[in-house]
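What you are looking at is a predicted structure, and each value in this text was computed from that prediction instead of being measured. Chain naming here is simple, since letters A, B, ... match the order of the sequence lines and numbering starts at 1 in each.
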Protein chains: 2
Amino acid sequence: MSTDDELVDRGFAALADPVRRAIVARLGRGPATVGELAAPFEISVQAVSKHVQVLEHAGLVTKGRQAQRRPVRLEPAALERLTAWIDGHRLLAEQRYRRLDAVLGDPSRRRDT
Amino acid sequence: MSTDDELVDRGFAALADPVRRAIVARLGRGPATVGELAAPFEISVQAVSKHVQVLEHAGLVTKGRQAQRRPVRLEPAALERLTAWIDGHRLLAEQRYRRLDAVLGDPSRRRDT
DNA sequence: CAGTTGATAAACTATTTGGTTGAATACAAC
DNA sequence: GTTGTATTCAACCAAATAGTTTATCAACTG
C-alpha cells in the first residue's frame, strides 16, 4: 500500500508532464490501449508505456487486459483526491481574504495581509 | 505573459514537490516572509527562496515588499485553475461511467469500458 | 508452428532539478 | 558610515527524469 501523502505526491508529479496530461485528457473521453494512447505523439510507444506506468503508480489510471491489449481507464477518485488537496488550502485563503475585505474598506483589490 | 497551458504546466510541476506543497499549505493559513517559510525546514534559506520563485513563476503565489522582507501570499485563482483542469476531465469520465452503469446492470463496481 | 502484434524490460544518455556554499544586493538601525 | 538582517544571485554537484534503442515476453493469426 501507499500512504495518502505519497499518492498526492505522485499524483501531482504525474500531472506535471504535458504528455501525461494529454493522456489524462484523452482518457477522460474513454478508455484506450497503450498503443492508441501513443498514436498522437511523436515519441516512441515505449516512452508512452512508461508514462502510463507513472500515472498508474500514482493511482490515476488502472490497466485491464484484453488478450495482448492493456486498456487503460481513468480513476476519477484519484483525481478528486488531488482537487481536494488544492481546494483545502485555496478555500482557507479565500475565506481569510474575504473576512479581511469585510473588516477593512475596499471589498476587492487588496495587496496586504 | 505566459500562455494558459504553460501556467497549468508550471502549476502542477510546482505542486509536485513536497516542500513546495508544505509552503502552499502554510500560506493557506496566511501570508509569510521567505524567512518564516524557511524556518520549519532543514534545508537552506536559499533553497526555500528558489522554491518560492518556482511557485511565483507558476502564478501560485505573489511577493510583496515590506522593507527588506518579501511577504508571500497565496493566489487562489491560480489554484482554482488547476482544480478546474482536473475536474474537467474527471467529470467527463464520471459522467460516462454513470451513463454506462445506467445502461448495463450493476450500478457500481464495473471493470470494463 | 511461424509470424505478427501489443506491451514491457533493460541499458544507456542528455537534461532538469533540488540541494549546497559563497558572494552580492538592499534596506534598517545604531 | 558601519553593522546586521532578509533575500537573491552564481557556480557547482548529485540524483531524478524523459527520452532513446535493442531485446524479451505473451497472446493472437494464418
Would you be so kind as to tabulate the donor-acceptor pairs closer than 3.5 Å made by side chains of residues 9-35 of chain A, with sequence neighbours excluded?
residue: A:D9; atom: OD1; partner: B:R21; partner atom: NH1; Å: 3.2
residue: A:D9; atom: OD1; partner: B:R21; partner atom: NH2; Å: 3.2
residue: A:R10; atom: NH1; partner: A:S2; partner atom: OG; Å: 3.1
residue: A:R10; atom: NH1; partner: A:H57; partner atom: O; Å: 3.4
residue: A:D17; atom: OD1; partner: A:V19; partner atom: N; Å: 2.7
residue: A:D17; atom: OD1; partner: A:R20; partner atom: N; Å: 3.2
residue: A:R20; atom: NE; partner: A:A14; partner atom: O; Å: 2.7
residue: A:R20; atom: NH1; partner: A:H51; partner atom: ND1; Å: 3.2
residue: A:R20; atom: NH2; partner: A:A13; partner atom: O; Å: 3.2
residue: A:R21; atom: NH1; partner: A:L15; partner atom: O; Å: 2.7
residue: A:R21; atom: NH1; partner: B:D9; partner atom: OD1; Å: 3.2
residue: A:R21; atom: NH2; partner: B:D9; partner atom: OD1; Å: 3.2
residue: A:R26; atom: NH1; partner: A:G30; partner atom: O; Å: 2.8
residue: A:T33; atom: OG1; partner: A:E36; partner atom: N; Å: 3.1

Notebook entry, point to check: Can you name the side-chain contact (heavy atoms from CB on, under 4.5 Å) partners of B:A47, sequence neighbours left out?
Noted result: B:I43, B:S44
Looking only at the side chain of [X] (C-beta and beyond, no hydrogens), which of the listed nucleotides [options] gets closest?
X     : options                : answer
B:Q68 : C:dA28, D:dT20, C:dA7  : C:dA28
A:R69 : C:dT20, C:dA7, D:dT7   : C:dA7
B:V19 : C:dG19, C:dA28, D:dG19 : C:dG19

Atom-to-atom span, [atom1] of [X] to [atom2] of [N] - whole angstrom:
X     : N      : atom1 : atom2 : result
A:E36 : C:dT5  : CD    : P     : 16 Å
A:Q66 : C:dG6  : CD    : P     : 13 Å
A:I43 : D:dT20 : CD1   : C1'   : 11 Å
A:F41 : D:dA18 : CZ    : P     : 13 Å
A:R21 : D:dA18 : CZ    : P     : 12 Å
A:R10 : D:dT17 : CZ    : P     : 11 Å

Note to self: Within the 4.0 Å limit for protein heavy atoms, which parts of nucleotides 8-17 of chain C are touched? Write it as a string from 5' to 3', B for base, S for sugar-phosphate only, - for none.
What the structure shows: BB-B------
Checklist line | Residue list, salt bridge (Lys or Arg N to Asp or Glu O under 4.0 Å) with A:R69, at least two apart or on another chain | finding: none
Check: For residues 40-60 of chain B, which residue pairs qualify under salt bridge (Lys or Arg N to Asp or Glu O under 4.0 Å), counting only residues two or more places apart or in two chains?
Finding: B:E56-B:K63
Below 3.5 Å, can you tabulate the donor-acceptor pairs from side chains in residues 82-91 of chain B to any protein atom, sequence neighbours excluded?
residue: B:T83; atom: OG1; partner: B:E80; partner atom: O; Å: 2.8
residue: B:D87; atom: OD1; partner: B:R90; partner atom: NE; Å: 3.2
residue: B:D87; atom: OD1; partner: B:R90; partner atom: NH2; Å: 3.0
residue: B:R90; atom: NH1; partner: B:E94; partner atom: OE1; Å: 3.2
residue: B:R90; atom: NH1; partner: B:E94; partner atom: OE2; Å: 3.1

Check: Does a nitrogen or oxygen in the side chain of A:T33 sit under 4.0 Å from OP1 or OP2 of C:dG6?
Finding: no
Checklist line | Distance in Å, A:L74 CG paired with A:L79 CG, rounded so as to fall on 0.5 Å steps | finding: 5.0 Å
Note to self: I'd like to check B:R73 versus B:T62 (side-chain heavy atoms, cut-off strictly below 4.5 Å). Are they in contact?
What the structure shows: yes
Item checked: Upstream residue (5' side of DNA chain D) when B:G35 and A:E42 are each assigned their closest nucleotide -> B:G35
